[in-house]
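Proteins come first, then strands; the chains are lettered A, B, ... in the order of their sequence lines, and each starts at number 1.
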Amino acid sequence: MEDKKESLNFIEQIITEDISSEKHNGRVLTRFPPEPNGYLHIGHTKAICVNFELAEKFGGACNLRFDDTNPTTEDTEFVEAIKEDIEWLGFQWNGDVKFASDYFDQLCAFAEQMIKDGKAYVDPSTPEEIAQQKGTPSTPGTGNKYRDRSIEENFQLFQEMKEGKHPDGAMVLRAKIDMTSPNMLMRDPLMYRIKHAHHYRTGDKWCIYPMYDFAHGQSDSIEHITHSLCSLEFIHHRPVYDWFIDNLEIFPSRQIEFSRMNVEYLITSKRKMLKLVGGGYVTGWDDPRMPTVRALKRKGYPAKAIRLFCDKVGMTKRENLIEFDLLESCVREILNETANRAMVVEDPVKLIITNYPEGESEMLPANNNDGDESAGTREIPLSREIWIERKDFMEDAPKKFYRLSPGRNVRLKHAYILHCEGFKNNEEGELEEVYCTYYPNSKSGHDVSGVKPKGTLHWVSIEHGVECEIRNLEHLFTDPAPDSHEGKDLLEFINPDSIQYSKGIMEPSLVSATKGQQFQFLRKGYYCVDTDSTEDRLIFNRTVGLKSSWKPKK
RNA sequence: UGACCCAUGGUGUAAUUGGUAACACAGCAGUUUUUGGUUCUGCCAUUCUAGGUUCAAGUCCUAGUGGGUCAACCA
């Protein structure tokens, strides 16, 4: 039992081998390298968990480095948001936050070294010409005359680029690798381009900026990253990554790729998310239906649940589409332990306990969480008239309907057993009132009535109940993979009912609930106090429903 | 007309590295329960195809099939 062999995923195996061969003296340093040009989403959480947790598992650390080499898309606002999200997820990065822009001087020196080694050249070709000369994946590219420029001339031109003597797009610095490589990225990749743009950190100091391929590996190397874990889409960059490290003769960081995580109903393309926000399909980046980390948080998903989910999803190089059910199961698993229970009635119907004395009420004790005594207790007021859910009464009920129906018994949670005597419909034929008697000797915890009802209902005293708003959230899309349909726009799959607003009546103890606080509304689901809540009106997001084996058919 | 990555129940992963295909989620049935929640139990269902190596192949080799990826002065 104790010696159960723990299985390692393929990255853990690599790291284990590296440690046992004393590569880097057994040191493990990973990094999470976002570009500060947007908010983190569910897809990022996988990369975050992998990098931070693997480092921790092997006694190492994980750097947070902002890959900020494109001044026109990046902003300090996103730096702050990303840091906040990572901390919320419960991770602490190694030392100070790092920035690729802190390495601009070093990167520039690397470039000059490449030029002096005859391995880089300045090319004034237009983007179209460069693209054309690159060939296609199935046909080799051809070099141009600038490849053979002299070292002195290249050096001179690069200085001019750096000094701002040339306009944007006039020329680029390229690595001289192999224009006939079957790997397109090895066909003399661009190292530097001219951009007379203000950088949010370096200001106007630079007018040339390194490209990803000339910044990422070198930044890893500068930080002595041992294992640079990234998603599969970068696999073709690895030869470039290695080529620069080899030719610069710098610290040999190693890139390892894994498949990104795709989750049903959630999209992770920034462009597509922007479409949702920009088009008003959601209220913003933190709309609880969005796949961003801040949206999931607002919806009530605990950080622990998201991490549990990432762990359960595993680690491979395969394409995947993970069922939304797995995510929800993780959320329920965490919330079941941590969320206090409360009673809230949605779509209420009045129930009158006809033999309960008018004008009287009593306080009934209730556990906040039956599975966790430390969660404490609260008191719930009961009076003659209460709200119950409309769904909990049926005139002609099937045998398996364990709720209210004329002649049947049912328990009010934390209170007494009721016997249903009758009901009244309004003129439209809708249920208006339900009439019951209660067994005074059936009080919860002191039941000597001998009555054994099949079901238990939640309820709220009409006199004491407080109104709130409930936002019932569904998938934003009607299709589990809305962006996978060739020729069809994502917006064709928008779910028009992805958010439904309804009124709820809550037990009075909930009035002191604070933003972000999570509850299980008995028999309903898990709910979280939304940030839109005000002093006098609480708003709850439905985080996830409870599982239910009762399915009323037709 | 190229290169690279991948292929195990419905889904996601595992298999002591060549030795009885297992875990989780979902589904179904039951148990427990003052939540049709929770708990617990059981059931269902798996190695892409064809060759080869081997006493033995999910695992190694070859070919095929299928899926994915690769061209931005983005990262």
Side-chain angles (χ1 to χ4, degrees), chain A residues 3-9 13 33-35 37 67-70 72-74 100 123 125-127 130-132 134-141 168-174 181-187 190-195 208-209 211-213 215-216 230 232-239 257 259 261 264 270 312-330 332-333 336-337 341 343 369-371 400-403 410-415 417 442 444-445 447 452-458 520-526 545-551:
Chain A
D3 264 11
K4 187 151 274 177
K5 189 134 199 169
E6 185 208 6
S7 65
L8 301 176
N9 67 47
Q13 289 180 24
E35 183 186 14
N37 68 346
D67 228 338
D68 54 355
T69 57
N70 185 354
T72 56
T73 59
E74 296 152 2
D123 189 343
S125 305
T126 64
I130 289 177
Q132 217 208 328
K134 272 195 181 172
T136 71
S138 53
T139 58
D168 287 8
M171 53 190 68
V172 292
L173 182 70
R174 298 176 73 178
S181 169
N183 180 346
M184 295 295 291
L185 294 164
M186 291 290 272
R187 324 245 260 229
L190 274 56
M191 295 162 64
Y192 266 95
R193 78 289 212 183
I194 302 173
K195 276 195 182 211
I208 57 169
Y209 292 92
M211 301 285 291
Y212 169 84
D213 279 318
H216 198 95
C230 63
L232 232 34
E233 56 196 294
F234 291 100
I235 199 162
H236 297 102
H237 291 259
R238 190 179 355 134
E257 311 85 11
S259 62
M261 174 177 81
E264 286 181 344
K270 202 181 67 188
K312 286 194 176 187
V313 155
M315 169 63 59
T316 62
K317 299 173 88 159
R318 302 183 209 165
E319 284 294 304
N320 60 71
L321 179 61
I322 293 139
E323 290 177 338
F324 198 80
D325 283 326
L326 183 62
L327 213 203
E328 292 202 323
S329 129
C330 293
R332 288 195 196 96
E333 182 175 331
N336 181 48
E337 297 169 354
R341 318 281 122 130
M343 295 203 289
N369 187 343
D370 285 332
K400 301 282 268 183
F401 185 77
Y402 303 149
R403 308 178 188 186
V410 80
R411 174 173 287 284
L412 291 181
K413 180 71 179 174
H414 303 307
I417 297 171
S442 68
S444 197
D447 184 2
K452 298 287 174 212
K454 271 293 225 183
T456 302
L457 303 188
H458 62 283
Q520 184 197 97
F521 291 174
L522 239 44
R523 302 209 302 135
K524 295 179 68 64
Y526 295 97
L546 251 30
K547 286 204 336 190
S548 172
S549 53
W550 164 250
K551 288 162 204 118

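- Base engagement by A:G445 is indicated by at least one non-hydrogen atom pair under 4.0 Å involving a base atom.
- Residues A:M211 and A:V172 have side chains not in contact (no heavy-atom distance under 4.5 Å, counting atoms from C-beta outward).
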* Please assess A:N183 against A:S181 for the test side-chain hydrogen bond (donor to acceptor under 3.5 Å, both in side chains), listing each intermediate value before the final yes or no. => CA-CA 5 Å; A:N183 180 346; A:S181 169; 5.4 Å; no
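- Expressed to the nearest 0.5 Å, how far NE2 of A:H236 lies from CE of A:M186 amounts to 12.5 Å.
- Between A:Y212 and A:H237, the ring center distance clears the sub-6.0 Å criterion.
- In this structure, A:R341 reaches the bases: a heavy-atom distance under 4.0 Å links it to at least one base atom across the strands shown.
- Listed by chain and number, the residues in a side-chain hydrogen bond (donor to acceptor under 3.5 Å, both in side chains) with A:T73 are A:E35 (sequence neighbours excluded).
- If you take CE of A:M261 and C1' of B:rU11, they are 14 Å apart, rounded to a whole angstrom.
- Nucleotides of RNA chain B nearest to A:G314 and A:H414 differ in position, and the one nearer the 5' end is that of A:G314.
- Among B:rU1, B:rU34, B:rU13, the nucleotide with an atom closest to any side-chain atom of A:N320 is B:rU13.
- Shown here for A:T69 and A:E74, the closest heavy-atom pair between the two residues is N-OE2, 3.4 Å.
- Salt-bridge check for A:K134 with A:D123: failed, with every basic side-chain N at 4.0 Å or more from each acidic carboxylate O.
- Taking atom C1' on both nucleotides, B:rU20 is separated from B:rC61 by 25 Å, rounded to a whole Å.
- Residues A:K400 and A:W550 form a side-chain contact, since some pair of their non-hydrogen atoms from C-beta on lies under 4.5 Å apart.
- Among the protein residues, A:E328 comes within range of no part of the nucleic acid, since none of its heavy atoms lies under 4.0 Å from any strand.
- Checked by atom type and distance alone, the side chain of A:R341 never pairs as donor or acceptor with a backbone atom of A:D370 at under 3.5 Å.
- The closest side-chain heavy-atom distance from A:S125 to A:Q132 is not below 4.5 Å.
- To the nearest whole angstrom, the two P atoms, one in B:rA50 and one in B:rU13, are 25 Å apart.
- Where A:V313 and A:R238 each meet RNA chain B at their nearest nucleotide, the meeting point lying more 5' is that of A:R238.
- B:rU16 and B:rC60 have their P atoms separated by 11 Å, given to the nearest Å.
- For the P atoms, the distance linking B:rG27 with B:rC5 amounts to 38 Å, nearest Å.
- Atom CG in A:D447 sits roughly 15 Å away from atom C1' in B:rU33 (whole-Å rounding).
- Here the shortest heavy-atom pairing between A:T136 and A:R187 reads O-NH2, 2.6 Å.
- Using a 4.0 Å heavy-atom criterion, one finds that A:I417 contacts no nucleic acid atom at all.
- Spacing of C1' atoms, B:rU33 relative to B:rC40, comes out at 12 Å, to the nearest Å.
- With sequence neighbours excluded, no residue forms a ring-ring contact (aromatic ring centres under 6.0 Å, His included) with A:H414.
- At whole-Å resolution of the value, CH2 in A:W550 and C1' in B:rG37 are 16 Å apart.
- The P atoms of B:rU59 and B:rU53 are separated by 15 Å, rounded to the nearest whole Å.
- Using a 4.0 Å heavy-atom distance criterion, A:E257 is classed as making no nucleic acid contact.
- The backbone N or O of A:Y526 sits nowhere less than 3.5 Å from a side-chain atom of A:R332 that would complete a donor-acceptor pair.
- For B:rU8, the base has a donor-acceptor partner in the side chain of A:R318 [N/O atoms by modelled type, under 3.5 angstrom].
- Classification of B:rU17 as syn follows from a glycosidic angle within 90° of 0.
- Regarding A:Q13, its CD atom lies at a distance of 9 Å from the P atom of B:rU16, rounded to whole Å.
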* Could you write nucleotides 24-31 of chain B as a row of B, S and -, 5' to 3', where a protein heavy atom under 4.0 Å of any base atom gives B, of only sugar-phosphate atoms gives S, and otherwise -? -> SBS-S---
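- Residues A:R523 and A:L457 have side chains in contact (heavy-atom distance under 4.5 Å, counting atoms from C-beta outward).
- When rounded to the nearest whole Å, the span between CZ of A:R523 and C1' of B:rG37 equals 10 Å.
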When you compare the protein's N or O atoms with those of nucleotides 44-48 of chain B, which come within less than 3.5 Å of each other, and at what distance?
none

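- For the P atoms, the distance from B:rG9 to B:rU47 is 7 Å, rounded to whole Å.
- Residues A:L327 and A:E264 are not in side-chain contact: their nearest non-hydrogen atoms beyond the backbone lie 4.5 Å or more apart.
- Across all strands shown, A:F401 has heavy atoms under 4.0 Å from base atoms, whether or not it also approaches the sugar-phosphate.
- Here the P atom of nucleotide B:rG36 and the CD atom of A:Q520 are 10 Å apart, to the nearest Å.
- Remark: C1' of B:rG37 and CG of A:N369 are 11 Å apart, rounded to the nearest angstrom.
- For RNA chain B, each stem of at least three Watson-Crick or G-U pairs (distances under 3.5 Å) is given as range with range: B:2-7 with B:65-70, B:10-13 with B:22-25, B:27-30 with B:40-43, B:48-52 with B:60-64.
- Not one side-chain nitrogen or oxygen of A:S444 sits closer than 4.0 Å to the OP1 or OP2 atom of B:rU34.
- Distance check on atom P: B:rC43 versus B:rC48 gives 25 Å, rounded to whole Å.
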* Between protein and nucleotides 61-75 of chain B, map the contacts as a letter string: B base, S sugar-phosphate only, - none, heavy atoms under 4.0 Å, written 5' to 3'. => -------SBSBSBSB
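- Between the OH atom of A:Y402 and the P atom of B:rG37 there is a distance of 11 Å, given to the nearest Å.
- Here the closest non-hydrogen pair linking A:K270 and A:N37 is NZ-ND2, 2.9 Å.
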